[in-house]
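Each ligand, and each atom within it, is numbered from 1 in the order the structure gives. For this chain, numbers begin at 1 and follow the sequence in order.
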Amino acid sequence: MIVVLKQNAKKEQVNSIKQWLEKMGVSVHQIEGLHTTVLGLIGDTSVVDMDQISSNPAVESVKRIQEPYKNANRKFHPNDTVVDVCGHKIGGGHFQVIAGPCSVECEEQITEVAQKVKASGATLLRGGAFKPRTSPYAFQGLRAEGIELLLKAKAQTGMPIVTEIMSTDHLPLFKDVDVIQVGARNMQNFELLKELGKIDKPILLKRGLANTIEEFLMSAEYIMAGGNQNVILCERGIRTFETATRNTLDISAVPILKKLSHLPVVVDPSHASGLTWLVEPLSKAAIAAGADGLIIEVHNNPKMALSDGAQSLTPEMFDDVMQPIKRMVEFEGKILG
Ligand code: PEP
Ligand code: MN
């Protein structure tokens, strides 16, 4: 971090800023220019508050050189993180396909979808029990019962389950869930992220609708700073001016996240597009861009789905989409499943 001091900064002011910065655990290198004094901060600057430094009357400007996240940063952890979900690895050359309905609706629905997506090559089962809906009048999910039904489908198929949490109050209900999803709308629910940092279950963290890549990685940092390193990032499309799709899949986020961070990255082509016919091309784009997995919505009867029917594939459509996915993952030299 570089701190540029005002031209009229007094010697005492400079010394007191230096001492104050050193108390934060960084060493300070002072550079005297002809007219300006510059302080170079060396060490772990992720704990240094830029705004606080800027508010000092002797400071002209502050510039960050190092990213503000440490645990999620590839610079401090060059090797890919591999998250292991009941023996299914994600990252470091391992690719998984997570599939299932948007919402768990009843036992027949979730078990039928689970069996079919498994037969097509999906390894993890998704299904929402607690649903973040825009309208309070829309189906809110089966809640605790939804998790029970997912566990039944897991017992029948052996597929680990992925489901979304919306409140720290519900955490005890998630004790047998294999991957806890943090949805786009909760990406910056910092109290929730802090609680998830205290457990060691894998967390599928979705990018917020209107969040930058840096904000996304800072949310991962919240979980990791608490001790939980099992974070899977999920690019699910962001809100733009475009209306042809539900969201805009930020495909460049995939290689950027992989460059900046060692965490595995999965892509959700269903929420990114909102349209079934776009799931295949976006899945292919995700694999080509270096993704470590996909999360795809599949429903046994999309027309009657209680949420996200328009973007849900039938099991037959999913089976078709899995064929090029398998070929492309193999072509990329990754291990599927
Ligand atoms: C979901 O996975 O069904 C969901 C609500 O996703 P997102 O948080 O990405 O909108
Ligand atoms: Mn959905």
Side-chain angles (χ1 to χ4, degrees), residues 96-105 109-110 113 117 122 124-136 138-143 146-147 149-150 161-167 170 174 177-189 192-193 196 202-211 213 215-216 219-220 223 231-240 245-251 253-254 257 265-276 278-279 282-283 286 291 293-314 318:
Q96 304 297 334
V97 178
I98 306 165
C102 179
S103 300
V104 179
E105 297 172 7
Q109 174 236 21
I110 191 68
V113 174
V117 296
L124 279 77
L125 176 67
R126 66 148 287 150
F130 291 90
K131 294 303 303 174
R133 304 304 299 279
T134 302
S135 166
F139 177 59
Q140 301 288 306
L142 296 181
R143 302 169 70 87
I147 295 183
L149 296 180
L150 280 166
I161 55 171
V162 182
T163 195
E164 178 169 352
I165 193 164
M166 297 210 294
S167 164
H170 302 150
F174 285 69
V177 167
D178 302 294
V179 179
I180 301 181
Q181 175 175 321
V182 175
R185 290 155 192 81
N186 273 305
M187 190 205 86
Q188 288 190 316
N189 182 339
L192 178 60
L193 300 178
L196 297 175
I203 309 297
L204 181 83
L205 177 66
K206 290 188 139 196
R207 181 176 178 183
L209 279 75
N211 286 109
I213 289 173
E215 286 164 346
F216 188 19
S219 289
I223 301 169
V231 179
I232 304 160
L233 303 169
C234 178
E235 165 57 45
R236 46 78 74 205
I238 49 174
R239 190 165 274 193
T240 69
T245 46
R246 183 177 179 186
N247 291 289
T248 298
L249 177 61
D250 181 6
I251 200 71
V254 178
L257 287 167
V265 178
V266 311
V267 168
D268 177 344
S270 306
H271 291 89
S273 65
L275 299 162
T276 53
L278 277 172
V279 170
L282 296 190
S283 297
L294 291 162
I295 177 164
I296 298 178
E297 285 189 342
V298 181
H299 196 287
N300 53 344
N301 188 2
K303 286 192 292 295
M304 298 303 287
L306 297 181
S307 60
D308 287 353
Q311 67 194 35
S312 299
L313 304 183
T314 62
F318 178 69

message = Is it the case that ligand 1 has an N or O less than 3.5 angstrom from some N or O of E164?
response = no

task = Note the single closest protein heavy atom to atom 4 (C) of ligand 1, along with its residue, its atom name and the distance in Å.
result = H271 NE2, 3.4 Å

request  = Would you give the angle at the Mn ion (ligand 2) between E297 atom OE2 and H271 atom NE2, to the nearest 10°?
outcome  = 90°

request  = Show your working on side-chain contact (heavy atoms from CB on, under 4.5 Å) between D250 and R207 and close with a plain yes or no.
outcome  = CA-CA 10 Å; D250 181 6; R207 181 176 178 183; 2.8 Å; yes

note = Correct closest heavy-atom pair for E297 and S270 would be N-OG, 2.9 Å

ask   = Do D308 and ligand 1 have an N or O pair less than 3.5 Å apart?
value = no

task = Provide, to 0.1 Å, the distance between atom 6 (O) of ligand 1 and the closest protein heavy atom, together with that atom's residue and name.
result = K206 NZ, 2.9 Å

message = Consider side chain to side chain contact (heavy atoms under 4.5 Å, CB included). Of V117, L124, D268, V179, which one does I98 pass it with?
response = L124

query = Is any side-chain heavy atom of E105 less than 4.5 Å from a side-chain heavy atom of L142?
reply = no

ask   = For M187 and G208, which heavy atoms make the closest approach, and how far apart are they?
value = SD-N, 3.2 Å

Closest approach to the Mn ion (ligand 2) by D308, given as the N, O or S atom name = OD2

ask   = With a 4.0 Å cut-off on heavy atoms, does Q181 reach ligand 1?
value = yes

request  = With heavy atoms of R236 as the reference, note each atom of ligand 1 found under 4.0 Å away.
outcome  = 7 (P), 9 (O), 10 (O)

inquiry  = Would you say D308 and H299 are linked by a side-chain donor-acceptor pair, where the criterion is simply a distance under 3.5 Å?
reply    = no

request  = Please state whether G128 comes within less than 4.0 angstrom of ligand 1, counting heavy atoms only.
outcome  = no

Positive for side chain to side chain contact (heavy atoms under 4.5 Å, CB included) with F318, one of V298, V113, T276 = V298

ask   = Closest approach of P269 and I296, non-hydrogen atoms and distance?
value = CG-CG1, 4.0 Å

ask   = Is there a nitrogen or oxygen of D268 sitting under 3.5 Å from a nitrogen or oxygen of ligand 1?
value = no

inquiry  = What I'd like to find out is whether the side chain of L249 reaches to under 4.5 Å of the side chain of S273, using heavy atoms alone.
reply    = no

note = G183 heavy atoms within 4.0 Å reach ligand 1 at atoms 8 (O)

Shortest protein heavy-atom distance from atom 2 (O) of ligand 1, along with the residue and atom involved = R126 NH1, 2.8 Å

query = What atoms in ligand 1 come closer than 4.0 Å to a heavy atom of R185?
reply = 7 (P), 8 (O), 10 (O)

ask   = For the residue pair A291 and V254, what are the closest heavy atoms and their distance?
value = N-CG1, 3.6 Å

ask   = Near C102, which atoms of ligand 1 are under 4.0 Å from a heavy atom of that residue?
value = 3 (O)

task = Distance to 0.1 Å, residue and atom name: give those for the protein heavy atom nearest to atom 8 (O) of ligand 1.
result = A184 N, 2.7 Å

inquiry  = Show me which atoms of ligand 1 lie under 4.0 Å from any heavy atom of E297.
reply    = 3 (O)

